[in-house]
2 protein chains.
Amino acid sequence: MIEDSRKILSEHSVSITNPRILVLEALLEFGNPITIDELQSKLKGAVAKSTLYRVLNDLKKIKILNEFTSPDNSTVVELILEDHSHHHHLFCSDCGEVIDVELSEEFEIMLNKEIEKVQKNFNFEITDHRVEMFGLCTDQCSNCK
Amino acid sequence: MIEDSRKILSEHSVSITNPRILVLEALLEFGNPITIDELQSKLKGAVAKSTLYRVLNDLKKIKILNEFTSPDNSTVVELILEDHSHHHHLFCSDCGEVIDVELSEEFEIMLNKEIEKVQKNFNFEITDHRVEMFGLCTDQCSNCK
DNA sequence: ACAGTAAATGAGAATAAGTCTCATTTATTT
DNA sequence: AAATAAATGAGACTTATTCTCATTTACTGT
């Protein structure tokens, strides 16, 4: 995991530092979208708060980190790995867990057609989109029992 | 517009107060999703900051206000009116404007089918969903020229 | 219309997420 | 291994939102 982290950094010509490795390791280990709060507690104070935010910004800059806000207003981050295909998010309103979901090919095709239409109707250049679903995990979330 | 505001409040058995009327009027008048910053400037100090947030929370509680975070991290609110049908949002990354978009019936049907699948696969009870699109308004936004 | 009571408000203090500053440390280049 | 630029830690700062509490306002029953 340390080696993966080093590799990710060098591939993006970002200097290899301890805080960056620690943050990447934590993200790789968790494997799912994670709130900054959770990330901070995984890091157990090993990285200063200011540095953590700087590292996250660095990772966003090299486009390997995705950041979004969950419905309960916490900031969630997630690594974008090469084998990580286009997906959307499912939020548990109870425990706050965020789960990656892939939707069907047909659905994505249809969504792209809708996006095309919206681009024309509103004279917009649409660069990105997001589908979010909210609800209650009934027993699947790792946080809820 | 004052009368509309009073009606909305009494229909939801919420006491009719000046700050609530002023906030509702501003939202009705603007007619589109609006950032809290913009809302504050429309109110020109007529409502205390703490009261504004309280009123917005009241409106959320009676389910006539929708709140979400725009990609630039500002909080956006929007009234849910009866004649306001199911819709999604289009954000301009440049000027911050948020526009309501309705997608086609067929698309919504297909999306609901996807949601059904996700519910089963993840053993979730999905209560809500959201489609967000981001991009650049090329000349349509009222804020961009 | 009026007094009594509970709810709502204003003003500013408190909180918390995120950014910034600056002196020190670390990584990279030669 | 030295020189230099970049990254870090610690804590100050900023800004959005919530909280506190004394005062005001809206609603209820008479």
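Just so you know, these numbers use all the heavy atoms, side chains as well, and skip hydrogens, waters and symmetry mates. Keep in mind that this is a model prediction, so the values were computed, not measured. Lettering of chains follows the sequences in order, A, B, ..., and the numbering in each one begins at 1.
The distance from atom OH of B/Tyr53 to atom C1' of C/dA11 is 16 Å, rounded to the nearest whole Å. Atom CG in A/Asp72 sits roughly 14 Å away from atom C1' in C/dA16 (whole-Å rounding). Rounded to an integer number of Å, the gap from CG of B/Leu52 to C1' of C/dG12 is 16 Å. Rounding to whole angstrom units, CG of residue B/Asn18 and C1' of C/dG10 are separated by 13 Å. One can place CD of B/Gln40 at 13 Å from P of D/dT15, the figure rounded to the nearest angstrom. Rounding to whole angstrom units, CG of residue B/Leu9 and C1' of D/dT25 are separated by 15 Å. To the nearest angstrom, P of D/dT25 lies 15 Å from CZ of B/Arg20. Spacing between atom NZ of B/Lys49 and atom P of C/dG10 amounts to 13 Å, rounded to whole angstrom units.
Judged by closest nucleotide on DNA chain D, B/Ser50 is the one of B/Ser50 and B/Val14 placed further toward the 5' end.
The side chain of A/Thr75 contributes an N or O atom lying less than 4.0 Å from OP1 or OP2 of C/dG18. In terms of phosphate contacts, B/Asn57 brings a side-chain nitrogen or oxygen within less than 4.0 Å of OP1 or OP2 of D/dT18. Checking the phosphate oxygens (OP1, OP2) of D/dT8, a side-chain nitrogen or oxygen of A/Thr17 falls inside 4.0 Å. Using a 4.0 Å cut-off, no side-chain N or O of B/Ser15 falls inside it from OP1 or OP2 of D/dT25.
A salt bridge between A/Lys113 and A/Glu116 is absent, with no side-chain N of the basic residue lying under 4.0 Å from a carboxylate O of the acidic one.
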Practice task
Decide side-chain contact (heavy atoms from CB on, under 4.5 Å) for A/Met133 and B/Ile115; before the verdict, give the C-alpha distance in whole Å, the side-chain angles of both, and the deciding distance to 0.1 Å.
Solution key: CA-CA 8 Å; A/Met133 303 178 192; B/Ile115 288 174; 4.0 Å; yes

Exercise for the section: Tell me, with the steps shown, if A/Ser50 and A/Arg54 meet side-chain contact (heavy atoms from CB on, under 4.5 Å). Expected result: CA-CA 6 Å; A/Ser50 49; A/Arg54 273 186 294 230; 3.5 Å; yes

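Closest approach to the A/Ile36 side chain among D/dT17, C/dG18, D/dT8 is made by C/dG18 (side chain taken as heavy atoms from C-beta onward).
Within 4.0 Å (heavy atoms only), B/Arg54 reaches at least one base atom of the nucleic acid. Contacts of B/Thr51 with the nucleic acid, taken as non-hydrogen atoms under 4.0 Å apart, include base atoms.
One distance of note links SG of B/Cys137 with CD1 of A/Ile126; it measures 11.5 Å at 0.5 Å rounding.
No hydrogens or angles considered: nothing links the side chains of A/Glu67 and A/Thr75 as a donor-acceptor pair under 3.5 Å.
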